[in-house]
**Student:** 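Starting off with a structure, shown below.
Since the model is a prediction, treat every value here as computed from it, not as a measurement. In each ligand, atom 1 is the first atom listed, and ligand 1 is the first ligand listed.
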Amino acid sequence: MKPEIETSRKSTIISKLISTRIKLEELIELSPEEAAYWDKPGAVTNLPLKINTSYSRLIETHQKEGSVDGASPDPIRIQTVPTVHELNILPYETGDPLGEGYYTPETRLIHQYPDRILIKVTDRCAVYCRHCFRRSFAGGTAGDISASEIEHIADYLKGRPGVNEILLSGGDCLTLSDGKLASMMDSLADGQKERTFRLCTRIPVVAPSRITPELVSLLAVRKPVWVATQFNHPRELTFESRAAITRLLAGGIPVVNQAVLLRGVNDNVETLAELFTTLVAVGIKPYYLFQGDLAAGTSHLRVGLKRGLGIVKELRGRLSGLAMPVYAVDLPDGGGKMVLSEKDFLRDEPPEHSGGVGNPDGNAGSGGISGWRVFEGSDGRERFYPLENC
Ligand SMILES: *Cc1c(COP(=O)(O)O)cnc(C)c1O
Ligand code: SF4
């Protein structure tokens, strides 16, 4: 879609924040699978519904341009509108698919790799993504990080000069106010000039107007600062989101992208090739393409590992090194980040193998699993990832 079209239409589109079924039904006619989500007990205790004005506008645009009934697959809608499939939880899916709990020395702090730490600075996001691997934390009850939690983490950092990167994650770190963000960064930096901040945020994609000149200046005086964002589909590269990226780059803040491989959204070579080449043209380095994590209720959004490897192989044959991200997975149970290739794994096991979980019934969504791929985790222990047929 050409950005000009979107800008010219903006005035005719009614903007809304969507957080209830009623609001959602004002925006779209729910498909049977979407409607069924709301009719099931338990749905309301799941990751909340939240689609902000800017992102819901993209759904609306698709409706107007797409099929009359609005039922043609919309990659934005798939990422944000819950379906009943979320309530289908597989035996090997969990609320903590990365095993972050093993590496949490302080509340909100994850220290899994020696030279970098990650802080969950808030559980708020501008939009809740249905594929979120931290979906049991996001939109929950934790709220924003408190002054005393910041103090504890700052103390933890004092004794650890080997930590040279601080990842501000969440939730979405840019839902914090400018004031809170600035004071937190100052407490954590503690005068150390060589410590790099990495802001992990979907805000440039879903709420680009939050990237104000004031925010950019605030970050620019606290360099080194990098932004890691998450564009998953070329349609997310709107006039507004490109402008937000341009503001960051003009402020001297480099931007990288961490896309998630998502079924029905970007699980084909054409879409990903367009996404990555456009990102490069905008000035964003495609950094990771993540294989889906085993987060509870996300199997319908995952792409089978073997199919993912096939897509990535084709992409590598087409794209420049600059445009090509690293295909990786966060291994279950604290196994760490693992670069995925057709060769780098220990072995495959048949579906009957327990795969490290108590109750394997070989039932992954509709397709079942064809086995388990066994990887060596960063601690030398074996980790099993299912070979799903999707
Ligand atoms: C992914 C991740 C990082 C960052 O890893 P990179 O490979 O540097 O992007 C740091 N800490 C935790 C806990 C992570 O999950
Ligand atoms: S913005 Fe990030 S943390 Fe928030 S729901 Fe989306 S993926 Fe999860």
**Student:** Under the side chain to side chain donor-acceptor pair (under 3.5 Å) test against Arg130, which residue among His85, Glu86, Gln79, His300 passes?
**Tutor:**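 It is Glu86; the other options fail the test.
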**Student:** For Gln230, state whether at least one heavy atom is located under 4.0 Å from any atom of ligand 2.
**Tutor:** yes
**Student:** Heavy-atom count check: over 12 atoms from other residues, nucleotides or ligands less than 6.0 Å from Glu194 CD?
**Tutor:**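 Counting neighbours around CD of Glu194, 12 or fewer heavy atoms of other residues, nucleotides or ligands fall under 6.0 Å, so no.
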**Student:** Which of the numbered atoms in ligand 1 are below 4.0 angstrom from a heavy atom of Gln112?
**Tutor:**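 Near Gln112, the atoms of ligand 1 are 13 (C).
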**Student:** Is it the side chain (CB and beyond), the backbone, both or neither of Arg134 that lies under 4.0 Å from ligand 1, heavy atoms counted?
**Tutor:** neither
**Student:** Assess, by modelled atom type and distance only, whether the side chains of Ser183 and Asp186 contain a donor and an acceptor separated by less than 3.5 Å.
**Tutor:**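 No.
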**Student:** If only side-chain N and O atoms count, and only distance matters, is there a donor-acceptor pair under 3.5 Å linking Asp344 with Ser341?
**Tutor:**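 Their side chains do contain a donor-acceptor pair, which is all the 3.5 Å distance test asks for.
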**Student:** Could you check which of Phe290, Tyr287, Tyr113 puts a non-hydrogen atom nearest to atom 6 (P) of ligand 1?
**Tutor:**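 Selected option, by shortest heavy-atom distance: Tyr287.
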**Student:** Could you check whether Tyr385 and Gln291, counting side-chain N and O atoms only, form a donor-acceptor pair closer than 3.5 Å?
**Tutor:**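 Result is yes, a qualifying pair exists.
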**Student:** Going by atom types only, do Tyr55 and Glu236 share a side-chain donor-acceptor pair under 3.5 Å?
**Tutor:** yes
**Student:** Could you tell me how the ring of His111 sits relative to the ring of Tyr156: parallel (under 30°), tilted (30 to 60°) or perpendicular (over 60°)?
**Tutor:**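 Plane angle over 60°, so perpendicular.
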**Student:** Short list, please: which atoms of ligand 1 are under 4.0 Å from a heavy atom of Ile110?
**Tutor:** 13 (C)
**Student:** Looking only at heavy atoms, is any part of Leu167 under 4.0 Å from ligand 1, and if so is it the side chain, the backbone, or both, or is it neither?
**Tutor:**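 Side chain only; the backbone of Leu167 stays clear of ligand 1.
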**Student:** Which protein heavy atom lies closest to atom 8 (Fe) of ligand 2, and at what distance to 0.1 Å?
**Tutor:** Cys132 SG, 2.3 Å
**Student:** Indicate if Leu98 and Phe290 have the same hydrophobic cluster label, given that clusters are the connected sets of ILVMFWY residues with side-chain heavy-atom separations under 4.5 angstrom.
**Tutor:** no
**Student:** Should Arg116 be counted as touching ligand 1, given the test is an N or O pair under 3.5 Å?
**Tutor:** yes
**Student:** Considering only non-hydrogen protein atoms, determine which one is nearest to atom 1 (C) of ligand 1 and report residue, atom name and distance to 0.1 Å.
**Tutor:**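 Scanning the protein heavy atoms, the shortest distance from atom 1 (C) of ligand 1 goes to Lys337 NZ, 1.2 Å.
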**Student:** If we only consider heavy atoms of Arg198, is any one of them less than 4.0 Å away from an atom in ligand 1?
**Tutor:**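 Yes, Arg198 has heavy atoms under 4.0 Å from ligand 1.
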**Student:** Relative to the heavy atoms of Gly171, which atoms of ligand 2 are at a distance of less than 4.0 Å?
**Tutor:** 3 (S)
**Student:** Is Cys125 touching ligand 2 with its side chain, its backbone, both, or neither, if touching means heavy atoms under 4.0 Å apart?
**Tutor:**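 Contact part for Cys125 vs ligand 2: side chain (C-beta onward).
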**Student:** Identify the closest protein heavy atom to atom 5 (S) of ligand 2: which residue and atom is it, and at what distance?
**Tutor:**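 So the nearest neighbour among protein heavy atoms is Cys129 N, 3.2 Å.
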**Student:** Heavy-atom contacts with Tyr288 under 4.0 Å: which atoms of ligand 1 show up? List them by number with element.
**Tutor:** 6 (P), 7 (O), 9 (O)
**Student:** Taking atom types as modelled, is there a side-chain donor on Arg235 or His62 under 3.5 Å from an acceptor on the other?
**Tutor:** yes
